[in-house]
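The structure appears below as structure tokens.
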Amino acid sequence: MSWAQSVTQCVQSGGMLASVEDLAESNFLVEHADLYTSKTSGFWIGIYRNVNGQLLWQDKSAVDFVNWGEGQPLEDQLDYCVELSAFSGYWSILPCSSQKGFICKKLKIHPLLFALCLFTDAKKDKAHGDMNTWLLLTLVLIILLGMGFTIYFLFKIKTQSETEREERRHSTLLEYSRDLTGKDDETDSTNNKEKNEHSVV
């Protein structure tokens with residue numbers, strides 16, 4: 001990304017391009033930047049020159065530490081931006097449109113403000129937590145109701161099919177017994193006719 005795109009990206013993530021306050025911080029950045037050397041040779045940092053040629057950090061901190069590479073910076077390159085080398089940790093000036101990685105840094109917060117932020121965030125989290133709890137309970141209730149209706153209807157269908165099966169079996173037995181009873185009646189009536197005929201003779 002260009003330097004301007006990097007600034008925008010950092011601001012959108014709640015920070016600014018990194019300021020380097022001392023050698024320990026510079027070494028820390030180089031140590032972590034070394035992990036990305038396969039992707040880029042350098043990273044934009046938040047130091048720049050204003051129109052008066054004065055070096056400033058984007059986060060307004062004092063420029064008390066510099067780590068320029070050999071022959072850097074050149075005085076006539078006012079419109080250039082600063083890169084931190086991923087290999088050496090030294091700084092160099094490049095055209096601001098160059099495509100480099102970037103290092104963002106979030107501003108330090110005063111402990112009292114930090115505690116206030118934590119307190120207000122905790123209240124927000126508690127409110128969101130209560131709302132999430134109600135949503136979760138509602139969802140569980142809907143799922144349980146759905147399962148209850150499903151079990152009820154499956155049981156009802158099973159009971160109906162068992163009842164229908166039992167009714168069919170009963171009607172089949174009834175028909176069979178009628179058929180048997182009907183045959184017995186026919187046999188009895190035939191026997192009675194034969195008896196009557198024998199008695200008449």
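M1 approaches S6 most closely through the heavy-atom pair CB-OG, 3.7 Å. For the pair A86 and F43, the tightest heavy-atom approach, listed with the atom from each and the gap, is CB-CE1, 3.7 Å. The nearest pair of heavy atoms linking F87 to S41 is CE1-CB, 3.8 Å.
Residues F102 and Q9 are in side-chain contact: their nearest non-hydrogen atoms beyond the backbone lie under 4.5 Å apart. A heavy-atom distance below 4.5 Å is found between the side chains of V7 and Q58. In this structure, C104 and M16 have side chains that are not in contact, with every pair of non-hydrogen atoms separated by 4.5 Å or more. Side-chain atoms of V20 and N67, non-hydrogen and from C-beta on, never get closer than 4.5 Å to each other. Annotation: side chain of W68 is in contact with side chain of I93 (closest heavy-atom distance under 4.5 Å).
Just one residue in the list L84, V82, L17 forms a side-chain contact (heavy atoms from CB on, under 4.5 Å) with W44, and that residue is L17.
Checking K105 against S19 by side-chain atom types alone, a donor-acceptor pair falls below 3.5 Å. Neither side chain, Q72 nor S92, offers a donor N or O lying under 3.5 Å from an acceptor on the other.
Side-chain atoms of S61 do not come within 3.5 Å of backbone N or O of W57 as any donor-acceptor pair. In this structure, Q99 contributes its side chain and S97 its backbone to a donor-acceptor pair below 3.5 Å. A side-chain donor-acceptor contact under 3.5 Å links E25 to the backbone of E21. Judged by distance alone, the side chain of S26 and the main-chain N or O of D22 form no donor-acceptor pair under 3.5 Å.
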Exercise for the section: Could you give me the CA-CA distance, side-chain angles and deciding distance for I47 and V63, then say whether side chain to side chain contact (heavy atoms under 4.5 Å, CB included) is met? Expected result: CA-CA 8 Å; I47 197 168; V63 181; 4.0 Å; yes
Practice task
For S85 and W91, run side chain to side chain contact (heavy atoms under 4.5 Å, CB included): C-alpha distance rounded to whole Å, both residues' side-chain angles, the deciding distance at 0.1 Å, then the answer.
Solution key: CA-CA 6 Å; S85 169; W91 305 350; over 6 Å; no
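To the nearest 0.5 angstrom, F153 atom CZ is 12.5 Å from I151 atom CD1. W3 contributes atom CH2, which lies 10.5 Å from atom CD1 of I45 (distance to the nearest 0.5 angstrom). The distance from atom CE of M147 to atom CD1 of I143, rounded to the nearest 0.5 Å, is 8.5 Å. Atom OG of S2 sits about 13.0 Å away from atom NZ of K100, to the nearest 0.5 Å.
Ring geometry for H32 against F28 counts as tilted: the plane angle lies between 30° and 60°, on a 0 to 90° scale.
When the side chains of ILVMFWY residues are joined at heavy-atom separations under 4.5 Å, either directly or via intervening members, L23 and Y90 end up in two distinct hydrophobic clusters.
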